[in-house]
Structure formats: structure tokens, C-alpha cells
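Data block below; observations after.
Computed from a predicted structure; not experimentally measured.
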Amino acid sequence: MEIFAPAEKFVSQGISGAKKLLDSYVFLVHTHQENEALKKENALLKARLVEYREALIANARLKKLLRLKEKLPYATLAAQVVGRDPSMWFRSLIIDLGSDEGLEEGMAVVTVGGVVGQILGVTPKYAKVMLITDPNSAVDVIVQRSRARGILRGRGSEVCSLEYVSMEADVREGDLLITSGLDGIFPKGLLVGTVYRVLPERQEGLFQRVEVRPAINLEDIEEVLVILRRTGLANQKGF
């Protein structure tokens, strides 16, 4: 016993230590697997939460668009923005409705908060919308407060120009601009923008120099309403 007991004790301790080491390894592997599973579950829950929030936001936007649709005394179609012109010289977007739904060139496009633009071209399934900030855009507008009239032109930027406003016209910063209904495209009374700045008059000029900010952020639009102005076009798609 005196001879073999120490050796047995040493072997026993070695086996016990090895077992503890093995148990620790198995525990760590199991913990790592659990952590990985929890990470995947957490990522899945986060993704579902994002989807849920996005659905709530989209639902709120569509409710506002529906209320606008109900207020407008015109037949309209709801469309979703599916693309944008990436060039620096033009301002346009693509919507997911086309000639199959009755859309035609020149139809007005609006959304909650104001005027977007007009349809520039159509295919059977899609349409191109020229924004009011496009340099080729021109909208006949009036100052809501004073009833002064002018033409809103795009400048390819976030600010538009109000042109052909006489020097005697009463135009002030903060004035709201609405469509006059005289251009044959936009119905009267739709909000277009706000006077951003009235520049100092020039002696040689006949008209005031006025800058306007659109009523809505045209870069953030996701859904629009197309106003069907022609007789016989029914609201066949949308809300």
C-alpha cells in the first residue's frame, strides 16, 4: 500500500483532471452552439420587427393617400414608385402603371401634400413621371394669398423658379402656391410649393425673381395618385 497508493492517487488525479477537461470542452461546445442558435433567432426576430414596422409605416402612408383620393373630385389611380432617373439633368421617376390601366401622356400626378409632376411617357405596364423640379417642367400657379399668377419652372435642383410675376404683384416669403388650373394639366387648387425667397428687384427687369421650394420632398415619394382627366377612364386599379 505504501508503494502503490501514491501512484494510484496520481493516476486517479490525472483521470479526474482529464474528465474535468473533457467536460469543460463539451460544455463550451454546447454553449457555443446555444449562442449561435440564439444569435440566429435574435437576427430573425430583428428582421421580423423591421418588417412589422415597415408594414405599419406603409399602412399609415396608404391611409393618407386614400384620404386624399376620397377628397379629390376626380377619378384617380394609385401607383407605386419603382424607379428614378439617376441623371443630373433630368428629374423623373417610374411608376408601376401604364397604358393598360388607361394612363396617357400629360396626366397630372400628385401625392399627399402636393403636386408631383406629370406623365411624360407610357408603356403598357409603366409610366415615366416628369417632376416639377425638372428643367422642362412648367406649371401655371397662383399665390394663394394675393392671387398673383406666374409659371413655376424646375431648375434641376431642390428649388424652383416662379417666373413672369410682374413687379407690382404682391409676393412674399412664405406664400403658398397652388395650381391655377389654366395649363390644362393640373386641376385648380392643388398645393405646389412655398415661396422661399424674393430676390431684390433689378431695374432692367420686368418681372420679379422668386424662388420656390416644392411642397413635398420629391426624393422620398413612394406612392402617388394619377389624376384621370379624360372622360370614360374609370378607377380600375388601386384603392
Side-chain angles (χ1 to χ4, degrees), residues 57 60-61 64-65 67-69 71-72 76 79-81 83-95 106-120 128-202 205-227:
I57 295 172
R61 288 200 315 269
K64 292 180 181 179
L65 201 66
R67 287 195 291 269
L68 173 63
K69 179 182 177 65
K71 290 180 180 179
L72 290 174
T76 60
Q80 184 174 3
V81 176
R84 295 181 182 274
D85 191 330
S87 72
M88 295 294 294
W89 303 105
F90 302 99
R91 293 292 184 270
S92 64
L93 50 82
I94 306 299
I95 57 177
M107 287 183 172
V109 181
V110 301
T111 191
V112 177
V115 171
V116 175
Q118 62 177 293
I119 293 181
L120 186 62
K128 186 174 185 178
V129 179
M130 179 174 61
L131 303 178
I132 59 174
T133 52
D134 188 284
N136 297 303
S137 173
V139 184
D140 199 301
V141 299
I142 56 177
V143 178
Q144 189 178 48
R145 178 185 57 83
S146 66
R147 316 311 287 181
R149 184 181 167 206
I151 302 296
L152 185 78
R153 289 193 179 276
R155 290 166 42 175
S157 64
E158 297 178 354
V159 178
C160 301
S161 296
L162 181 60
E163 301 181 353
Y164 307 111
V165 179
S166 68
M167 286 295 187
E168 294 74 23
D170 183 7
V171 181
R172 306 173 189 173
E173 293 183 8
D175 278 343
L176 298 180
L177 302 182
I178 60 175
T179 52
S180 68
L182 300 178
D183 52 21
I185 297 174
F186 298 96
K188 185 177 181 179
L190 299 176
L191 183 61
V192 180
T194 304
V195 174
Y196 167 64
R197 181 167 55 176
V198 180
L199 300 175
E201 61 182 68
R202 297 176 297 177
L206 299 176
F207 305 104
Q208 297 187 48
R209 298 166 59 199
V210 182
E211 295 182 344
V212 177
R213 288 194 182 277
I216 54 178
N217 186 344
L218 298 171
E219 299 298 324
D220 295 339
I221 299 173
E222 296 185 53
E223 298 90 16
V224 298
L225 289 179
V226 181
I227 298 178

* So, Glu163 side chain and Arg153 main chain: donor-acceptor pair closer than 3.5 Å or not? -> no

* Asked: Under a 4.5 Å cut-off applied to non-hydrogen side-chain atoms, are Thr194 and Val212 in contact?
  -> no

* If you measure from CD on Gln208 to CE on Met167, what distance do you get to the nearest 0.5 Å? -> 6.5 Å

* Structure fact -> What one should report as the nearest heavy-atom pair of Val171 and Val143 is CG2-CG2, 4.1 Å

* Check for a donor-acceptor pair, side chain of Ser157 on one end and backbone N or O of Val159 on the other, with a separation under 3.5 Å. => yes

* Check Thr133 against Pro214 and note the closest heavy-atom contact, atom names and distance. => CG2-CG, 3.8 Å

* Asked: Does a side-chain heavy-atom distance below 4.5 Å link Leu72 with Val110?
  -> yes

* To do: Find the distance between CD (Glu211) and SG (Cys160) and round it off to the nearest 0.5 Å.
  => 10.0 Å

* Can you name the closest pair of heavy atoms from Ala169 and Ala148 and give their distance? -> CB-CB, 3.8 Å

* Carefully, step by step, assess Val226 and Ile119 under the rule side-chain contact (heavy atoms from CB on, under 4.5 Å). => CA-CA 9 Å; Val226 181; Ile119 293 181; 3.8 Å; yes

* Can you see which heavy atom on Pro135 is nearest to which on Arg155, and at what distance? => CG-C, 4.2 Å

* Asked: More than 12 foreign heavy atoms under 6.0 Å from CD of Glu173: is that the case here?
  -> yes

* Output the distance between atom CD1 (Ile185) and atom CD1 (Ile227), rounded to the nearest 0.5 Å. => 11.5 Å

* **Straight-line distance of Asp85 CG to Lys128 NZ, nearest 0.5 Å** => 5.0 Å

* Asked: Does the side chain of Arg145 reach to within under 4.5 Å of the side chain of Asp170, using non-hydrogen atoms?
  -> yes

* Beyond-backbone contact of Gln118 with Met107, side-chain heavy atoms, under 4.5 angstrom -> no

* Structure fact -> Smallest heavy-atom separation, Ile132 atom then Leu218 atom, equals CG1-CD1, 3.9 Å

* Ignoring hydrogens and geometry, is there a side-chain-to-backbone donor-acceptor pair from Thr179 to Val139 under 3.5 Å? -> no

* To do: Look only at the side chain of Asp183 and the backbone of Asp140, and say whether a donor-acceptor pair between them is shorter than 3.5 Å.
  => yes

* **Euclidean distance, Asn136 CG relative to Leu120 CG, rounded to 0.5 Å** => 8.0 Å

* Backbone N/O of Glu223 and side chain of Gln80: donor-acceptor pair under 3.5 Å -> no

* Asked: Say you draw a straight line from CZ of Arg149 to CG of Leu162; how long is it, rounded to the nearest 0.5 Å?
  -> 11.5 Å

* **Sequence neighbours excluded - ring-ring contact (aromatic ring centres under 6.0 Å, His included) pairs with any residue from residues 156-188** => Tyr164-Phe207

* **Close side-chain approach of Val210 to Leu199, heavy-atom, < 4.5 Å** => no

* To do: Taking all heavy atoms of Leu131 and all of Ser137, pick out the closest pair and write down the distance.
  => O-CB, 3.4 Å

* **Check: Glu219 main-chain N/O paired with Arg84 side-chain donor or acceptor under 3.5 Å** => yes

